[in-house]
2 protein chains.
Amino acid sequence: MAQMLHDDCPGCAAPDLAFAQHDHAHCAHDALARAEALIAARGLRLTPVRRRTLEILLEAHRAMGAYDMLTRLAAEGFGNQPPVAYRALDFLEEQGLAHRIRRLNAFTACMHPGEAHAPAFLICRACDTVAEAPATPVLAALTKAARHSGFVIERSNIEALGLCHTCQEAAA
Amino acid sequence: MAQMLHDDCPGCAAPDLAFAQHDHAHCAHDALARAEALIAARGLRLTPVRRRTLEILLEAHRAMGAYDMLTRLAAEGFGNQPPVAYRALDFLEEQGLAHRIRRLNAFTACMHPGEAHAPAFLICRACDTVAEAPATPVLAALTKAARHSGFVIERSNIEALGLCHTCQEAAA
DNA sequence: ATATGTATGTAATACTATAACAGGTCAAGA
DNA sequence: TCTTGACCTGTTATAGTATTACATACATAT
């Protein structure tokens, strides 16, 4: 296999460009390594179910429903009841390794764990790809609007539905 | 009953300040009147179920689940099966008279129908009140971030969870 | 070894949402 | 007037999403 450098992978260099062509295996490997380190640093455990759940999310590179995940996990010998999937997914979300896309009732792997961020998601209604967009300015605007009412934001979810660049061209 | 002027009601003057004390009956009446006009202008019908659904949402002044709404409607002689509530709520949402809060699997009345807006919601985790915040700058930032990836936004939902001003004081 | 906190497996159930079809209402046009 | 067609409501049935509760197992530190 060819050696891969971080800077050669557009997916890793600019994780917000999920729609762009890139060597996804590299992103996945990279994200998993960072996840391991993060969890260990927090004194928590990336157990087999949790680790495998994250791997599946990373490989899928798209939003997955909890029951899709459950099917995959069960096929690999883990439990086959909903809490198995929900517990792993919830853990990953709490640790910032995955995000919940409420519009889709689905979960997606975080492409840059560790960096503090309240993400914004761009959901293509044609190809179902979910991209994580840089949301710092968005969150800033939201925080400002909230402060105007004396409201303090603790968590936020910002999701947009539309068409990605590729699907726009396909439609035209 | 005392006569109420539009400008005397903080809820109507600044609908984004849902947490502020205000004469809510006035807001509700006002919003309902505007809803009637809007629907008529579009050649659509605000039928009894739809109208009553909107009234209940306005009176509740908080997010309501579809099944809560169904219970209310059924008690008043309307159908008692889920589609009854979902159809009315979906209609109201399509017409911009109600909004869906995905984080809560719930619906809330729009406090300023007719004005084009992609709303941002502030959800107080203590009192469950949902406020509609001015989101124009937020949406602008989101649109800009999306354009950077060539993504075109069609619909968006922006929701923040936290503590409203009142509940912050109560906690302290 | 044992106690403690944490993780997993499973059963049962609750909650949310939609598909599909039947019957009713109403207005426009033959 | 009658009919047609669009739309609205009601109902049955089912699909999809998520949680509670409890039992067991595993890890770590005394």
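Every chain is numbered from 1 and lettered A, B, ... according to where its sequence line falls, protein lines coming before strand lines.
Between A:Gln81 atom CD and C:dA12 atom P there is a gap of 10 Å when expressed in whole angstrom units. The separation between B:Asp68 atom CG and C:dA14 atom C1' is 13 Å, rounded to whole Å. Atom CG of A:Leu70 is separated from atom P of D:dT19 by 14 Å (rounded to the nearest Å). Atoms CZ (B:Phe78) and P (D:dT11) sit 12 Å apart, rounded to a whole Å. Nucleotide C:dA7 holds its P atom 7 Å from the CG atom of A:Leu44, rounded to whole Å. Spacing between atom CE of B:Met69 and atom P of C:dA17 amounts to 13 Å, rounded to whole angstrom units. Taking atom CE of residue A:Met64 and atom P of nucleotide D:dA18, one finds them 13 Å apart after rounding to whole Å.
Between the CG atom of B:Leu122 and the CG atom of B:Leu163 there is a distance of 11.5 Å, given to the nearest 0.5 Å. Annotation: the span from A:Arg125 atom CZ to A:Cys167 atom SG amounts to 9.0 Å, rounded to 0.5 Å.
Between B:Asn80 and D:dT11, a side-chain N or O to OP1/OP2 separation shorter than 4.0 Å is present.
A donor and an acceptor atom sit less than 3.5 Å apart, one in the side chain of A:Tyr67 and one in the base of D:dA18.
The side-chain hydrogen bond (donor to acceptor under 3.5 Å, both in side chains) analysis of residues 64-77 of chain B, with sequence neighbours excluded, yields the pairs B:Arg52-B:Glu76. Within the structure, side-chain hydrogen bond (donor to acceptor under 3.5 Å, both in side chains) contacts touching residues 98-108 of chain A (residues at least two apart or in different chains) are A:His99-A:His117, A:His99-A:Glu132, A:Arg103-B:Asn157.
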Would you sort out whether B:Glu159 and A:Glu159 count as a side chain to side chain contact (heavy atoms under 4.5 Å, CB included), showing the intermediate values?
CA-CA 9 Å; B:Glu159 301 171 8; A:Glu159 302 172 7; over 6 Å; no
Could you go through the side chain to side chain contact (heavy atoms under 4.5 Å, CB included) check for B:Thr166 and B:Thr129 one step at a time?
CA-CA 11 Å; B:Thr166 307; B:Thr129 302; over 6 Å; no
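Of the residues in residues 82-109 of chain A, A:Pro83, A:Val84, A:Arg87 come within less than 4.0 Å of DNA chain C through at least one heavy atom, sorted by number.
Partners of A:Pro83 by side-chain contact (heavy atoms from CB on, under 4.5 Å), not counting sequence neighbours, listed by chain and number: A:Gln81, A:Arg87. By the salt bridge (Lys or Arg N to Asp or Glu O under 4.0 Å) test, B:Arg45 is found to be paired with no residue, residues two or more places apart in sequence or in another chain being considered.
The backbone N or O of A:Arg42 lies less than 3.5 Å from no partner atom in the side chain of A:Gln95, so there is not a single donor-acceptor pair.
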Could you run through nucleotides 25-30 of chain D and give me one letter per nucleotide, 5' to 3': B if any protein heavy atom sits under 4.0 Å from the base, S if only the sugar-phosphate is that close, - if neither?
------
